[in-house]
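Written below as structure tokens is the structure these notes are about.
Just so it is clear, the model here is predicted, and its values are computed rather than measured.
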Amino acid sequence: MLEIQFSQGPLTEEHQTQLTVGFESHSQAQEAPSYAKESLNWTVVNEQGDLIAALTANLLWDWLYIDELWVDESCRGMGMGKQLMAKAEEHAKKNEISGLWLWTQSWQAPNFYKSLGFEEFTRFDNFPVGHSRIGLRKSL
């Protein structure tokens with residue numbers, strides 16, 4: 001009988017490769033679109049070369065996933081987050097991407113994203129307890 005093994009941390013490189021090959025093989029058999037994820041980012045640095053704002057994203061299957069949007073405390077309220085989101089949306093439109101989507105937490109910025117035209121498509125309440133994880137999207 002096969003035994004299920006438990007471990008913490010990432011898989012070994014060999015196991016990760018086998019897992020990836022297995023997923024790709026199954027997807028090809030199902031005639032699914034290829035899993036070709038592209039990482040994108042927009043950054044703002046100050047005169048000293050320090051990062052003061054960034055937006056990281058992944059392009060996969062014709063949707064741009066906003067992974068991280070961060071603006072240094074000293075620069076908040078200056079419209080930098082809005083400008084970074086506008087750059088990501090501009091890129092998406094230029095490349096005829098279907099839309100943008102993201103996760104945020106209830107204590108972060110759901111109203112900020114809604115003010116940019118994003119709509120809530122899912123909510124995971126009590127994650128963590130007393131808060132919600134919120135999925136937002138914007139079709140283009």
Side-chain angles (χ1 to χ4, degrees):
M1 181 172 181
L2 298 175
E3 185 178 324
I4 296 174
Q5 299 174 355
F6 170 77
S7 63
Q8 291 182 301
L11 290 172
T12 65
E13 190 174 325
E14 179 183 359
H15 283 174
Q16 185 61 58
T17 298
Q18 292 171 350
L19 177 63
T20 300
V21 168
F23 270 125
E24 289 174 357
S25 175
H26 177 75
S27 293
Q28 288 172 355
Q30 302 303 313
E31 298 181 8
S34 65
Y35 189 85
K37 183 167 69 170
E38 180 183 355
S39 296
L40 307 168
N41 61 72
W42 291 262
T43 58
V44 181
V45 296
N46 64 15
E47 296 80 19
Q48 294 76 35
D50 297 324
L51 184 69
I52 57 170
L55 184 153
T56 65
N58 294 307
L59 177 56
L60 176 64
W61 295 324
D62 201 37
W63 278 80
L64 187 65
Y65 170 67
I66 307 299
D67 187 28
E68 299 168 308
L69 174 61
W70 170 77
V71 176
D72 186 78
E73 291 290 333
S74 66
C75 301
R76 299 237 170 129
M78 299 169 61
M80 207 170 290
K82 192 175 197 176
Q83 290 176 49
L84 286 165
M85 289 296 293
K87 290 289 186 185
E89 185 171 334
E90 184 180 301
H91 177 82
K93 287 178 179 175
K94 178 181 170 190
N95 290 282
E96 299 180 351
I97 295 169
S98 295
L100 298 91
W101 73 285
L102 57 92
W103 287 107
T104 192
Q105 297 297 137
S106 55
W107 70 81
Q108 289 176 324
N111 291 331
F112 167 75
Y113 295 114
K114 289 177 182 178
S115 77
L116 299 177
F118 282 75
E119 65 177 352
E120 185 174 323
F121 70 90
T122 193
R123 178 179 288 256
F124 185 1
D125 290 327
N126 286 315
F127 185 72
V129 173
H131 301 281
S132 298
R133 184 160 176 87
I134 303 165
L136 298 162
R137 69 176 167 217
K138 182 175 185 179
S139 296
L140 299 178

Quick one: does [X]'s side chain have a donor or acceptor within less than 3.5 Å of a partner on [Y]'s backbone?
X: Gln105; Y: Phe127; result: yes
X: Lys138; Y: Glu119; result: no
X: Trp42; Y: Met85; result: no
X: Asn126; Y: Pro128; result: no

(message) Between Glu120 and Arg123, does any side-chain N to carboxylate O distance fall below 4.0 Å?
(response) yes
(message) Between Glu73 and Arg76, does any NZ, NE, NH1 or NH2 come within less than 4.0 Å of an OD or OE carboxylate oxygen?
(response) yes
(message) Does either side chain, that of Gln48 or that of Asn46, offer a donor lying less than 3.5 Å from an acceptor on the other one?
(response) yes
(message) Just by distance, no angles: are the side chains of Ser98 and Asp62 close enough, under 3.5 Å, to form a donor-acceptor pair?
(response) yes
(request) Report the residue from Glu96, Glu90, Glu89, His91 that forms a side-chain hydrogen bond (donor to acceptor under 3.5 Å, both in side chains) with Lys93. (result) Glu89
(message) For the CG atom of Leu40 and the CG atom of Asp67, what is their distance to the nearest 0.5 Å?
(response) 11.5 Å
(request) Give, for atom CD1 of Ile66 and atom OG1 of Thr56, the distance between the pair rounded to the nearest 0.5 Å. (result) 8.0 Å
(request) Report the relative orientation of the aromatic rings in Tyr65 and Trp101; use parallel for angles under 30°, tilted for 30 to 60°, perpendicular for over 60°. (result) tilted
(request) List the atom of Leu69, the atom of Phe112, and the distance in Å for their closest heavy-atom pair. (result) CD2-CE2, 3.7 Å
